[in-house]
Amino acid sequence: MAEAVSVAAESFAGGRARGARSVLGQVVLPGEELLLPEQEDAEGPGGAGERPLSLNAGARSRVRVICGPGLRRCGDRLLVTKCGRLRHKEPGGGGGGGGVYWVDSQQKRYVPVKGDHVIGIVTAKSGDIFKVDVGGSEPASLSYLSFEGATKRNRPNVQVGDLIYGQFVVANKDMEPEMVCIDSCGRANGMGVIGQDGLLFKVTLGLIRKLLAPDCEIIQEVGKLYPLEIVFGMNGRIWVKAKTIQQTLILANILEACEHMTSDQRKQIFSRLAES
Amino acid sequence: LISEKWSELFMQRGLDSETKKQLEEEEKKIISEEHWYLDLPELKEKESFIIEEQSFLLCEDLLYGRMSFRGFNPEVEKLMLHMNAKHKAEEVEDETVELDVSDEEMARRYETFVGTIGKKFARKRDHANYEEDENGDIQPIKAKKMFLKPQD
């Protein structure tokens, strides 16, 4: 890790922008500029043996690239705004070449993003909207009509202090975030008020993404312990529920602690739990 | 304002068509001057091939946020299968017994259901058609009593 940081510091000090492809998986620092693959050839000796992505030789057809969280567009280059490892994903399916670049960073403070599913706590009920605390800079607003089957006569049963699982429809730095508990077809799809009991606790955002990865071992092992239910909010909140309070607390402790455990330590703990 | 005078003038008959046209042009000129515009040279719009997205949903294929294990919440488990189907992962075998109604049961209920609802909408005279069986099941409607025209 120290080597990666020193390399990054050197190139940054030199002021030479590096190619995005050559930095994949390495630590990048805010302020660095990254070149997209087609530009590396034009830059000269920087890119060694990189072939341009254009399909037909001669015409400079540019490939569309998406810059994800942690990156900004800076002219023709990508500007890093968060420190972390640079990741890349090739585009799946037919359309859209170039793929996605993003920085895999870690933070505790959530910033509302459109489309994210989050757990919120209802803090106020004013007129036709609920104010929901999502952990951002201001509470999100949730209209009472944004629930499945809600009409003006048939209001949803939501009280102050309830937990809500919903997604953002408006979330930018200029406006108050708005969330709904309904998808574009009008179906709830699991969103809405989260049931009684259970425990809500907060973790880092990176852990949520790690636990929600398709091949996450932690979740698979947890699921074998005893019957339980978990809801993950992208704002760093997790709600768990099991049959007894003790089981719920054990589950909460495991999920909080697994961020800093190696997989061996985790397996030890799970085997000890399975015995008891 | 010119617009008021313009409408007044148009109301008056016998006014010169030339004067009318002049007034119309003046009116248009005033309107177009009132529209604001930027006094800048035309910017060359550089077609950018980089799109900014702040969401992690595009980057990483994340699973659906609600999960239930070992039958704790059957609805959530159904949702999990439905929402995660795009990941093409092997579907986990349900350990719990399915609570769906079987086809035979459905057919049996529907048979008597038709009678019950029909009885609700039938008039009082037709209630006799819906005789109750020994078991209490409603039999479906028999032949309707039509008007028989008397002969001769």
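Here is the naming used below: chain letters follow the sequence lines, and residue numbers restart at 1 for every chain. Every heavy atom of this structure was used, including side-chain atoms; hydrogens, water molecules and symmetry mates were not.
In this structure, chain B has a heavy atom under 4.5 Å from the backbone of A/L225, while its side chain stays farther away. Residue contact with chain B, scored on non-hydrogen atoms closer than 4.5 Å, involves the backbone and the side chain of A/K243 alike. Both the backbone and the side chain of B/L58 come within contact range of chain A, judged by heavy atoms closer than 4.5 Å. With a 4.5 Å cut-off on non-hydrogen atoms, A/R72 touches chain B through its backbone and its side chain both.
Distance check: B/L63 CG to A/D215 CG gives 9.0 Å after rounding to the nearest 0.5 Å. Here A/D104 contributes atom CG and B/F56 contributes atom CZ; the two are 6.5 Å apart, rounded to the nearest 0.5 Å. Interatomic distance, A/K114 NZ to B/L57 CG, rounded to the nearest 0.5 Å: 12.0 Å. Summarising the geometry, atom NZ belonging to A/K173 is positioned 11.0 Å from atom CD belonging to B/Q54; distances are rounded to the nearest 0.5 Å.
Minimum interatomic distance between B/C59 and A/V100 (heavy atoms only, all atoms of both residues): SG-CG1, 4.0 Å. Closest heavy-atom contact between B/F69 and A/I219: CZ-CG2, 3.5 Å.
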Check your understanding: Going through the checks in order, is the salt bridge (charged side-chain N to carboxylate O under 4.0 Å, His left out) test met by B/R66 and A/E229?
Key -> CA-CA 8 Å; B/R66 286 195 85 147; A/E229 187 185 354; 3.2 Å; yes
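No side-chain heavy atom of B/I50 sits less than 4.5 Å from a side-chain heavy atom of A/L71. The side-chain heavy atoms of A/W102 and B/E53, taken from C-beta on, include no pair separated by under 4.5 Å.
Side-chain N or O atoms of B/R70 include none that pairs as donor or acceptor with a backbone N or O of A/L228 at under 3.5 Å. One N or O on the side chain of B/E52 and one on the backbone of A/R73 form a donor-acceptor pair closer than 3.5 Å.
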